[in-house]
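Only one structure is covered here, and it is reproduced in the block below.
Lettering of chains follows the sequences in order, A, B, ..., and the numbering in each one begins at 1. All values derive from a computational prediction rather than experimental measurement. The analysis underlying the following values was restricted to heavy atoms, covering all of them including side chains, and did not include hydrogens, waters or symmetry mates.
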Number of protein chains: 2
Amino acid sequence: MFTFVTNKLRMELSLKIKMNEKLFLRNPEESELGRKIVEFSIILIHRIGFEAFTFKKLAKEISATEAGVYRYFENKHRVLIYIVEWYWSWQEYRLRIQINNIKNPEIKLKKAIRLISTPIEEDISTGHINENLLYEIVMLEGAKSFLTKQVTEDNKAKLFKPYKDFCAYVAKLILECNPKFKYPHSLSSTIVEMAHSQNFYAKHLPSLTDFGNTKEEPKVASFLEDMVFSTIKG
Amino acid sequence: MFTFVTNKLRMELSLKIKMNEKLFLRNPEESELGRKIVEFSIILIHRIGFEAFTFKKLAKEISATEAGVYRYFENKHRVLIYIVEWYWSWQEYRLRIQINNIKNPEIKLKKAIRLISTPIEEDISTGHINENLLYEIVMLEGAKSFLTKQVTEDNKAKLFKPYKDFCAYVAKLILECNPKFKYPHSLSSTIVEMAHSQNFYAKHLPSLTDFGNTKEEPKVASFLEDMVFSTIKG
DNA sequence: TTTAAATAGATAGTAATACTATCATAAAAA
DNA sequence: TTTTTATGATAGTATTACTATCTATTTAAA
């Protein structure tokens with residue numbers, strides 16, 4: 001699922017995430033053009049939004065041809081699923097590292113909540129993928145990957161596996177805290193979705209939240225923590 | 001905000017909801033063509049999904065011209081906001097009726113949760129609008145009304161007022177139950193969003209929930225109730 | 001009652017989108 | 001060295017997302 005690749009020139013370790021092959025026509029990780037398509041899809045979707053994003057604009061951005069992009073991805077919706085699901089694989093990987101060696105299930109769950117509800121501010125960049133931009137894309141466009149008429153079909157093709165795996169992992173952490181809790185999966189998907197939604201609201205529809213824009217005010221993580229631990233304790 | 005109109009022929013009372021004038025170019029409530037546009041937008045979006053929905057297809061469906069539809073709405077995104085916000089006005093109206101005369105704040109909040117998390121099964125139809133289809137549209141397409149790059153602009157034009165008012169009303173009910181609760185708005189938007197999302201997951205991505213498809217199994221409402229009352233009690 | 005205004009239909013047209021197809025060339029693998 | 005594979009270059013099509021114009025009809029005002 002996760003592999004490490006050493007960059008020969010700079011001797012950095014870079015993370016390689018194996019993506020579902022049904023997501024693409026040609027694996028974008030295996031060529032310069034493919035990597036550029038992913039890299040600049042993220043930049044361009046972040047800049048102009050998914051609706052305005054087209055393969056023609058992307059091709060122009062990377063000095064390639066539209067036909068060239070179509071050789072990698074069937075359509076822009078597949079690109080969206082690709083990058084969003086990459087994000088969830090990456091987050092699961094980060095989470096597993098963070099809670100490695102921790103025994104206390106409550107601390108583990110808290111770390112999980114912090115991880116997904118804290119917008120990425122430091123300049124992280126795994127290879128060609130900019131995770132800072134990716135966080136904002138998941139916030140604004142993430143839900144569009146499954147809110148479609150083809151959701152059942154896409155789900156059968158296992159396109160959402162990383163997202164569902166992430167939620168299942170959090171559900172497991174919830175059950176570790178209280179094995180008798182009745183709704184681990186629903187609570188898990190609630191916090192995973194709300195981590196991003198509440199940050200989106202805070203930024204764009206602040207009256208839907210209790211968070212100000214200043215750094216001192218209560219954070220999404222605190223709200224979700226309170227909610228989760230009250231709920232699982234009953 | 002809400003007015004009643006008597007249909008002269010059938011002597012039924014039908015609800016008229018006053019919509020923000022910035023949402024349309026010509027008020028669709030004031031003409032036969034306008035009402036047909038709204039009625040069949042709901043039917044068509046429900047049938048083929050918002051992405052595939054076009055004004056040309058809509059015009060064909062109602063034997064009108066594409067140009068005719070453009071005289072009412074700037075674009076299909078405005079139509080989506082129109083019907084989704086109509087839904088929230090309608091739900092606030094239903095909620096106010098349902099909890100009218102009830103004193104106990106917890107019962108009021110429970111009624112609110114039931115209202116939004118129970119898919120509409122009975123054959124309700126206010127005038128030309130089919131609320132059963134509308135519930136499903138809000139579930140699948142609702143979030144797309146604000147998950148755009150223009151969210152700030154649209155919000156300034158008060159296009160999302162009914163949605164925000166509904167959430168504010170639920171937040172008030174939460175505060176009535178516990179005036180000291182720290183996150184009434186975030187909890188409110190969480191349950192309002194999750195009421196629809198969890199029903200969507202149950203239908204299309206069941207592993208994200210703990211609900212089966214059978215009628216006997218636990219319901220979204222029960223999960224949200226447990227979560228809300230645990231949370232506000234701390 | 002005449003006149004003017006508003007509404008809708010019919011039709012045409014345009015730029016952009018979302019693709020598919022073909023051919024040539026360069027680079028990499030057999 | 002031959003063959004495969006990847007990319008570029010170019011063209012073309014149906015659909016989308018509009019805008020514009022002209023006419024017929026209905027409604028409201030003078």
Side-chain angles (χ1 to χ4, degrees), chain A residues 8 21-41 44-45 47-83 128 141 144-145 148-150 153-154, chain B residues 8 21-41 44-45 47-83 128 141 144-145 148-150 153-154:
Chain A
K8 281 165 194 164
E21 302 210 339
K22 283 174 194 144
L23 273 172
F24 46 76
L25 302 170
R26 213 204 282 313
N27 192 338
E29 280 306 315
E30 282 170 8
S31 77
E32 194 51 42
L33 178 60
R35 285 185 293 270
K36 268 190 151 183
I37 288 172
V38 172
E39 178 180 3
F40 283 87
S41 288
L44 202 51
I45 291 173
R47 190 194 305 153
I48 66 177
F50 183 66
E51 277 71 35
F53 169 76
T54 71
F55 279 1
K56 196 166 200 172
K57 289 174 188 164
L58 172 63
K60 202 180 167 192
E61 193 81 16
I62 60 179
S63 303
T65 59
E66 204 186 349
V69 179
Y70 275 103
R71 285 186 187 113
Y72 283 84
F73 289 99
E74 234 176 289
N75 53 53
K76 69 175 185 171
H77 188 245
R78 288 293 161 114
V79 174
L80 181 65
I81 301 179
Y82 184 96
I83 63 175
H128 53 293
E141 325 280 5
K144 295 173 192 168
S145 66
T148 68
K149 279 276 165 183
Q150 327 94 287
E153 205 181 320
D154 290 348
Chain B
K8 280 164 195 165
E21 302 211 340
K22 282 174 194 141
L23 274 172
F24 46 77
L25 302 169
R26 212 204 283 315
N27 193 337
E29 279 307 314
E30 282 170 9
S31 77
E32 195 51 41
L33 179 61
R35 285 184 293 270
K36 268 190 149 185
I37 288 171
V38 173
E39 180 181 0
F40 282 87
S41 288
L44 202 52
I45 291 173
R47 191 194 305 154
I48 64 176
F50 183 66
E51 278 72 34
F53 169 77
T54 70
F55 279 2
K56 196 166 198 172
K57 288 173 189 165
L58 172 63
K60 203 180 165 191
E61 193 81 16
I62 60 179
S63 302
T65 60
E66 205 186 347
V69 179
Y70 275 104
R71 285 185 188 113
Y72 283 84
F73 289 99
E74 235 177 287
N75 53 53
K76 68 174 185 172
H77 188 245
R78 289 291 160 115
V79 174
L80 180 66
I81 301 180
Y82 183 95
I83 64 175
H128 54 291
E141 325 280 5
K144 294 173 194 168
S145 65
T148 69
K149 280 275 165 183
Q150 326 97 286
E153 204 181 321
D154 289 348

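Rounded to whole Å, atom P of dA28(D) lies 12 Å from atom CD of Glu30(B). One can place CD1 of Ile48(A) at 13 Å from C1' of dA16(C), the figure rounded to the nearest angstrom. Between Lys60(B) atom NZ and dT11(C) atom P the separation is 15 Å, expressed in whole Å. Atom CG of Leu58(A) and atom C1' of dT7(D) are 15 Å apart (whole Å). Rounded to whole Å, the distance from CZ on Phe73(B) to P on dA8(C) is 13 Å. If you take CD1 of Ile62(B) and P of dA8(C), they are 10 Å apart, rounded to a whole angstrom. As rounded to whole Å, 14 Å separates atom C1' of dT20(C) from atom CZ of Phe55(A).
Taking the six-membered ring for Trp and thresholds of 30 and 60 degrees, Phe53(B) and Phe55(B) have ring planes more than 60 degrees apart, a perpendicular arrangement.
An OP1 or OP2 oxygen of dA16(C) is reached within less than 4.0 angstrom by no side-chain nitrogen or oxygen of Lys57(A). The shortest distance between the side-chain N/O atoms of Tyr72(A) and the OP1/OP2 oxygens of dT7(D) is below 4.0 Å. Look at Arg71(B) and you won't find any side-chain N or O under 4.0 angstrom from OP1 or OP2 of dT7(C). The phosphate of dA8(C) has neither OP1 nor OP2 within less than 4.0 Å of any side-chain N or O from Thr65(B). Not one side-chain nitrogen or oxygen of Thr54(A) sits closer than 4.0 Å to the OP1 or OP2 atom of dA16(C).
Closest-nucleotide positions on DNA chain C for Arg26(B) and Glu74(A) were compared, and the one nearer the 5' end corresponds to Arg26(B). Toward the 5′ end of DNA chain C lies the nearest nucleotide of Glu32(B), the other residue of the pair Glu32(B) and Ala67(B) mapping further downstream.
Side-chain atoms of Ala64(A) lie closest to dG8(D) of the nucleotides dA17(D), dG8(D), dA18(C). Ranking dG8(D), dG9(C), dT17(C) by closeness to the Lys56(A) side chain, first place goes to dT17(C). Of the listed nucleotides (dT17(C), dT7(D), dA18(C)), dT7(D) has the atom at the smallest distance from the side chain of Ser31(A).
Within 6.0 Å of NZ in Lys56(A) there are 12 or fewer heavy atoms belonging to other residues, nucleotides or ligands. At most 12 non-hydrogen atoms from other residues, nucleotides or ligands lie less than 6.0 angstrom from NZ of Lys36(B).
By the 4.5 Å heavy-atom criterion applied to side chains, Ile48(B) and Lys57(B) are counted as neighbours. At a threshold of 4.5 Å between non-hydrogen side-chain atoms, the residues Arg78(A) and Tyr82(A) do not count as touching.
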